[in-house]
Undergrad: 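This is the structure I have questions about; it appears just below.
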Amino acid sequence: MNFLGYKRPDGKVGVRNHVLILPTCACSSETCRMVAAQVQGATSIVNQNGCAQVKGDLELTKQVLAGIAANPNVYGTVLIGLGCENAQPNDMEELIKSKTNKPLKKLVIQEEGGTNNTIKRAKELANIMVQEAAKVRKEEFHVSELIVGTECGGSDPTSGIASNPVVGNLSDRLVDLGGSSILSETTEFVGAEHILAQRGATPEIKEQILHIVKRYEDHIKAVGESLREGNPAPGNKAGGITTLEEKSLGCIHKGGHRPIVKVVEYAEHPKKKGLVVMDTPGYDIASVTGMAAGGCQVIVFTTGRGTPTGNAIVPVIKITGNKMTFENMKDNMDFDVSPVIQGEKTIEEMGEELLAEVVEVASGKVTKAETLGFNDTAISRLCNYV
């Protein structure tokens, strides 16, 4: 099974051909947004970090920003800094170069003489990069080149009964074909971590799964808070989920049934193919951002209550098993798995259809979030989201 993608000079394969206008810090985010709005083919993210952060938080931010630039869906990057921030533009330039050899240009607002001069120069650079990107022809690649991130949000009982198991079936199919899937949301393993840990391919991986859950709980406790006070969310409860453990038992279905071959940190690129666990918050946007920085080319996102979330560089396929939500939020939902709930199709059948949808999106089919131009971004922090 093949898809049409873009071969990058670092050997990776992208499914989109974005030119990224990347802010090193909050103070350059608006400038980047203005540049991206004026250059067709360019995109940007909102970065609220990069300055006034403690060392650990700053390092996390820098790794995420560099990972986003290195994502294979990005042709090249115009990096824009302010000049006095902690995430210094020169340091960011070097960090990105350590991850990829793709085109990269850098501008510093204080050196360019302000916002207008920076926008003018950035537009010139971005326009040249867009023209170069347009020369890259799509080629056919096997699905084993894909890393697909899995996410759930706004869950209700149909998530655990239908949409998450269908995504789990997709994950198994991808792994069997030589590709990779990433299971995320550590906070939503709580109460089910002992079940998930049994899927670890080695005793060390089993211990790592238990470790990241304990580490997360201890981290929240250290600041006098409890995971269970922020999760399940009000919408989860209104939809019929009563406890965090119940939510977790539904969440881990997205990982299918294959062995977990690797546990990676937030935004870390997995070096091994197969089913991988990434340590991310349950907060959807921060979790998706981490997987995008980790190299996912496509995200499959299940929801029962409905969500509009998208990403600037990675297409996000929204899936629901709730027929009412699918009808109610047609401008946001991409894939309807309610036939599983209604007994009209099996999880196996819908898993096969979802794989076909992923291949279509990887080949260029535009998702609903892409048509709306969504570029949601949140970077995880030391005092973390739940």
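From a predicted model like this one, the values you see are computed outputs, not experimental measurements.
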Undergrad: Rounded to the nearest 0.5 Å, how far apart are CG of Asn311 and OG1 of Thr43?
TA: 8.5 Å
Undergrad: Could you list the cluster mates of Val366? Members are the ILVMFWY residues connected by side-chain heavy atoms closer than 4.5 Å, either directly or through other members.
TA: none
Undergrad: Please output the side-chain donor-acceptor pairs of residues 133-141 that fall under 3.5 Å, not counting sequence neighbours, one pair per line with the distance.
TA:
unit_1: Arg137; atom_1: NH1; unit_2: Ala134; atom_2: O; d: 3.1
unit_1: Lys138; atom_1: NZ; unit_2: Ser363; atom_2: O; d: 2.6
unit_1: Glu140; atom_1: OE2; unit_2: Asn2; atom_2: ND2; d: 2.9

Undergrad: Taking Glu94 first and then Lys62, would you say they form a salt bridge - that is, a charged N and a carboxylate O separated by under 4.0 Å?
TA: no
Undergrad: Short question: side chain of Arg381, backbone of Leu60 - any donor-acceptor pair under 3.5 Å?
TA: no
Undergrad: Looking at every heavy atom in both Ile161 and Ile347, which two are closest together, and how far apart are they?
TA: O-CD1, 4.3 Å
Undergrad: Applying side chain to side chain contact (heavy atoms under 4.5 Å, CB included) between Ser28 and each of Ile109, Thr115, Leu107, report the one that passes.
TA: Ile109
Undergrad: Same cluster or not: are Val314 and Leu174 linked, directly or through other Ile, Leu, Val, Met, Phe, Trp or Tyr residues, by side-chain heavy atoms under 4.5 angstrom apart?
TA: no
Undergrad: Report yes or no: do Ile260 and Leu170 belong to one cluster of Ile/Leu/Val/Met/Phe/Trp/Tyr joined by side chain heavy-atom distances under 4.5 Å?
TA: no
Undergrad: Going by atom types alone, do Thr320 and Asn322 pair a side-chain donor with an acceptor below 3.5 Å?
TA: no
Undergrad: Say whether Arg8 and Asn73, considering side chains only, have a donor N or O and an acceptor N or O under 3.5 Å apart.
TA: no
Undergrad: Can you run down the side chain to side chain donor-acceptor pair (under 3.5 Å) pairs that involve residues 259-275, sequence neighbours left out, and say none if there aren't any?
TA: Arg215-Glu265
Undergrad: Measuring from His194:NE2 to Lys206:NZ, what's the distance to the nearest 0.5 Å?
TA: 13.5 Å
Undergrad: Could you check whether Lys214 pairs with Glu217 (Lys NZ or Arg NE/NH1/NH2 to Asp/Glu carboxylate O, under 4.0 Å)?
TA: no
Undergrad: When you compare the side chain of Pro23 with that of Ile45, does any pair of heavy atoms fall below 4.5 Å?
TA: yes
Undergrad: Can you name the nearest heavy-atom pair linking Pro72 to Val13, along with the distance?
TA: CB-O, 3.4 Å
Undergrad: Just to verify, which of Thr61, Leu82, Leu65 counts as forming a side chain to side chain contact (heavy atoms under 4.5 Å, CB included) with Cys25?
TA: Leu82
Undergrad: Only one of Pro232, Cys251, Pro281 clears side chain to side chain contact (heavy atoms under 4.5 Å, CB included) with Glu188; which?
TA: Cys251
Undergrad: Report the distance from atom CD1 of Ile96 to atom CE of Met92, rounding to the nearest 0.5 Å.
TA: 4.5 Å
Undergrad: Would you kindly confirm whether Phe301 and Met333 end up in one hydrophobic cluster when ILVMFWY residues are joined by side chain heavy atoms under 4.5 Å apart?
TA: no
Undergrad: On a heavy-atom basis, which atom in Leu79 and which in Glu93 lie closest, and how many Å separate them?
TA: CD2-N, 3.8 Å
Undergrad: Give, for atom CG of Asp91 and atom CD of Glu85, the distance between the pair rounded to the nearest 0.5 Å.
TA: 9.5 Å
Undergrad: With the threshold set at 4.0 Å, does a side-chain nitrogen-carboxylate oxygen contact exist between Glu59 and Lys55?
TA: no
Undergrad: Where is the tightest heavy-atom contact between Thr303 and Ser159, given as atom of each residue plus distance?
TA: C-OG, 3.9 Å
Undergrad: Indicate yes or no for a side-chain donor-acceptor contact from Ser98 to the backbone of Leu95 under 3.5 Å, with no hydrogens or angles considered.
TA: yes
Undergrad: Measuring from Asp376:CG to Asp284:CG, what's the distance to the nearest 0.5 Å?
TA: 9.5 Å
Undergrad: How close do Ala312 and Asn375 get, counting heavy atoms only, and between which atoms?
TA: CB-CB, 3.4 Å
Undergrad: Quick test of your reading of the model: are Glu112 and Lys120 salt-bridged, counting only N-O distances below 4.0 Å?
TA: no
Undergrad: With no hydrogens and no angle check, do the side chains of Glu151 and Ser184 hold a donor and an acceptor under 3.5 Å apart?
TA: yes
Undergrad: Where do Gln38 and Lys123 come nearest, in terms of heavy atoms and distance?
TA: OE1-NZ, 3.0 Å
Undergrad: With distance as the sole criterion, is a donor-acceptor pair present between the side chains of Thr243 and Glu246 under 3.5 Å?
TA: no
Undergrad: Between Thr186 and Asp279, do the side chains contain a donor N or O and an acceptor N or O under 3.5 Å apart?
TA: yes
Undergrad: Can you get from Val298 to Leu372 by hopping between Ile, Leu, Val, Met, Phe, Trp and Tyr side chains that sit under 4.5 Å apart?
TA: no
Undergrad: Is any side-chain heavy atom of Met350 less than 4.5 Å from a side-chain heavy atom of Pro339?
TA: yes
Undergrad: Could you point out which residue of Val166, Thr150, Leu354, Asp334 forms a side chain to side chain contact (heavy atoms under 4.5 Å, CB included) with Ile319?
TA: Leu354
Undergrad: Salt bridge (charged side-chain N to carboxylate O under 4.0 Å, His left out) between Lys365 and Glu370: does it pass, once the steps are laid out?
TA: CA-CA 10 Å; Lys365 180 181 176 181; Glu370 288 180 295; over 6 Å; no
Undergrad: With the 4.5 Å side-chain cut-off for hydrophobic clustering, are Val288 and Leu20 part of the same group?
TA: yes
Undergrad: With rounding to the nearest 0.5 Å, note down the distance linking CG in Leu249 to CG in Asn164.
TA: 11.5 Å
